[in-house]
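Note that the numbering runs from 1 along the sequence shown for the chain. Everything numeric in this text was worked out from a predicted model, so none of it was measured.
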Amino acid sequence: MTATDTRPVDAARALFADRFGAAPAGTWSAPGRVNLIGEHTDYNDGFVLPFAIQHRTHVALAPRNDGRVRVASTFDDGVVEVGLAELGALFPARRDEIPEWARYPLGVAWALLESAGTDPHTPTGVDLAFASDVPVGAGLSSSAAIEGATAVALAEIWGIDLDRVALAKVGRRAENEAVGAPTGIMDQMASLLGRADAAIFLDCRSLEAQVVDLGLAGAGLELVVIDTGVKHSHATGGYGERRAACERGAAALGVPALRDVAPRDLPRLAELVDDVTLRRVRHVVTENQRVLDTVRTLRDHGPTAIGDLLVASHASMRDDFEISVPELDTAVDAALSAGAVGARMTGGGFGGAAIALVAREKVQEVTDAATAAFDAAGFAAPTIFTVTPSAGAARD
Ligand code: GLA
């Protein structure tokens with residue numbers, strides 16, 4: 001961000017003028033997301049229940065007539081420039097030649113042209129300038145916000161008629177192959193399909209999405225994000241190891257994905273794999289059930305009734321999947337002790353943010369309790385704010 005008091009859409013326009021010396025043809029934007037429940041289930045063909053948040057990444061764009069693409073971001077001083085026809089040689093093999101931040105938009109340009117079957121020599125070139133207020137490294141999908149904004153902007157400018165699910169797949173491919181993070185499709189789907197006041201119940205096998213009303217305001221609830229400030233990256237280490245353990249578990253049971261495993265299969269699995277793999281699988285299998293239970297509970301009893309499911313989800317990630325960190329556990333425990341209805345870490349884990357579902361009148365108490373607990377544990381102060389379920393990617 002150039003300045004915290006500048007709206008990101010204005011910052012994107014100003015950056016465009018500054019780096020490219022002209023006015024953009026338009027701006028597009030896409031949101032970050034909070035996952036309410038359903039963690040590490042997406043790449044197991046399972047269920048997730050995320051919602052888009054009010055924090056967005058904006059891209060200011062103008063076409064060029066020379067087949068080149070230039071990208072700029074408020075997070076970096078440079079401009080990265082490549083020819084559209086060169087993208088196919090860069091991704092994935094030579095992605096290290098591109099600065100990491102630029103792999104997201106350039107990866108989307110590459111994957112979009114490929115999935116539309118467009119000859120990279122034909123579309124017009126583009127200049128793109130990005131600005132965002134989605135916290136980075138907080139587990140709120142700042143990367144999916146860049147991908148979503150780029151995908152809708154380029155699809156419109158290039159006249160590529162792909163639906164939102166296809167655009168989400170483009171974003172996932174950019175993330176997997178251009179960035180090198182072996183993530184699933186939840187974040188891109190949430191960013192592209194988000195709706196005000198609602199979560200998206202997604203079947204990650206069929207990619208069928210249902211809008212589920214959250215009714216937070218009517219129930220007097222707020223969704224509080226406690227950003228621990230512990231940065232994580234899914235391109236390295238733990239995320240990929242967890243994914244590999246899930247694949248081992250599915251292979252041991254002879255099924256395509258853990259989506260096909262039920263709790264009653266776990267005793268049989270215990271005879272086939274080591275204890276760590278068993279616990280990784282148990283998390284995914286029970287988490288899928290918790291998503292289904294959460295959707296049903298929301299519909300039948302409203303959001304106040306889902307607290308125990310959030311708490312059980314966190315315990316499963318802490319104890320079975322082992323992707324929590326002390327800061328996340330401290331945030332969850334403090335929120336619950338201060339009267340939150342439920343709380344859990346959200347996103348891929350190893351850092352990032354926890355969420356707490358909190359009665360409006362208790363938000364200050366929860367905020368103070370989390371801040372005090374971090375201080376007592378010797379952790380740097382967390383950043384705490386509320387989020388609102390918001391609309392997905394669109395032209396501004
Ligand atoms: C990250 C990934 C998602 C998903 C979550 C964990 O956010 O990008 O695809 O796997 O972690 O639920």
[X] [atom1]: over 12 foreign heavy atoms closer than 6.0 Å:
| X | atom1 | answer |
| --- | --- | --- |
| Arg279 | CZ | yes |
| Asp265 | CG | yes |
| Asp119 | CG | yes |

Original post:
Who are the side-chain hydrogen bond (donor to acceptor under 3.5 Å, both in side chains) partners of Asp300, not counting sequence neighbours?
Top reply: none
Original post:
Between Phe321 and His40, is the ring centre distance below 6.0 Å?
Top reply: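 For Phe321 and His40, the ring centres are under 6.0 Å apart.
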In chain order, what residues pass the ring-ring contact (aromatic ring centres under 6.0 Å, His included) check against [X], with sequence neighbours excluded?
| X | value |
| --- | --- |
| Phe51 | none |
| Phe350 | none |
| His55 | Phe385 |

When you check the gap from the basic side-chain N to the acidic O, do [X] and [Y] get nearer than 4.0 Å?
| X | Y | value |
| --- | --- | --- |
| Arg242 | Glu322 | no |
| Asp45 | Arg259 | no |
| Asp66 | Arg68 | no |
| Lys362 | Glu222 | no |
| Glu147 | Arg172 | no |

Any link between [X] and [Y] through a network of hydrophobic side chains (Ile, Leu, Val, Met, Phe, Trp, Tyr) touching at under 4.5 Å?
| X | Y | value |
| --- | --- | --- |
| Ile200 | Leu298 | no |
| Leu36 | Val212 | yes |
| Val230 | Val136 | no |
| Leu154 | Leu113 | yes |
| Val170 | Ile146 | yes |

Quick check: does any side chain N or O of [X] sit under 3.5 Å from a backbone N or O of [Y], one acting as donor and the other as acceptor?
| X | Y | result |
| --- | --- | --- |
| Arg164 | Ala393 | yes |
| Arg56 | Gly392 | yes |
| Asn44 | Gly46 | no |
| Thr41 | Val48 | no |

**OP:** For side chain to side chain contact (heavy atoms under 4.5 Å, CB included), just list the numbers for Phe379 and Thr228, CA-CA rounded to whole Å, side-chain angles, deciding distance to a tenth of an Å, and then say yes or no.
**Re:** CA-CA 9 Å; Phe379 301 146; Thr228 64; over 6 Å; no
Run the side-chain donor-acceptor check on residues 301-311: report pairs under 3.5 Å with partners two or more places apart or on a different chain.
none

Tell me the closest heavy-atom pair linking [X] and [Y], and the distance in Å.
| X | Y | value |
| --- | --- | --- |
| Ala62 | Phe16 | CB-CZ, 3.5 Å |
| Asp227 | Ala138 | OD2-CB, 3.4 Å |
| Ser141 | Val134 | C-CG1, 4.4 Å |
| Met186 | Asp42 | N-OD2, 3.0 Å |

Per the ring pair (Phe, Tyr, Trp, His ring centres under 6.0 Å) rule, what does the pair list look like for [range], sequence neighbours excluded?
| range | answer |
| --- | --- |
| residues 92-117 | Phe91-Trp110 |
| residues 246-272 | none |
| residues 199-227 | Phe47-Phe201 |

Subject >> Sequence neighbours excluded - side chain to side chain donor-acceptor pair (under 3.5 Å) pairs with any residue from residues 370-389 >> reply: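 Checked against side chain to side chain donor-acceptor pair (under 3.5 Å) - neighbours excluded - no pair reaches residues 370-389.
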Original post:
Among pairs that include at least one residue of residues 310-321, which meet side chain to side chain donor-acceptor pair (under 3.5 Å), considering only residues two or more places apart or in two chains?
Top reply: Arg282-Asp320, His283-Ser316, Glu287-Ser313, Arg290-Ser316, Ser313-Arg344, His314-Asp329
Original post:
Taking only residues two or more places apart in sequence, or in another chain, which ones meet Arg13 in a salt bridge (charged side-chain N to carboxylate O under 4.0 Å, His left out)?
Top reply: Asp10
Tabulate below the donor-acceptor pairs under 3.5 Å that side-chain atoms of residues 363-370 make, not counting sequence neighbours, or state none.
| unit_1 | atom_1 | unit_2 | atom_2 | d |
| --- | --- | --- | --- | --- |
| Gln364 | NE2 | Asp368 | OD1 | 2.9 |
| Thr367 | OG1 | Val363 | O | 2.7 |

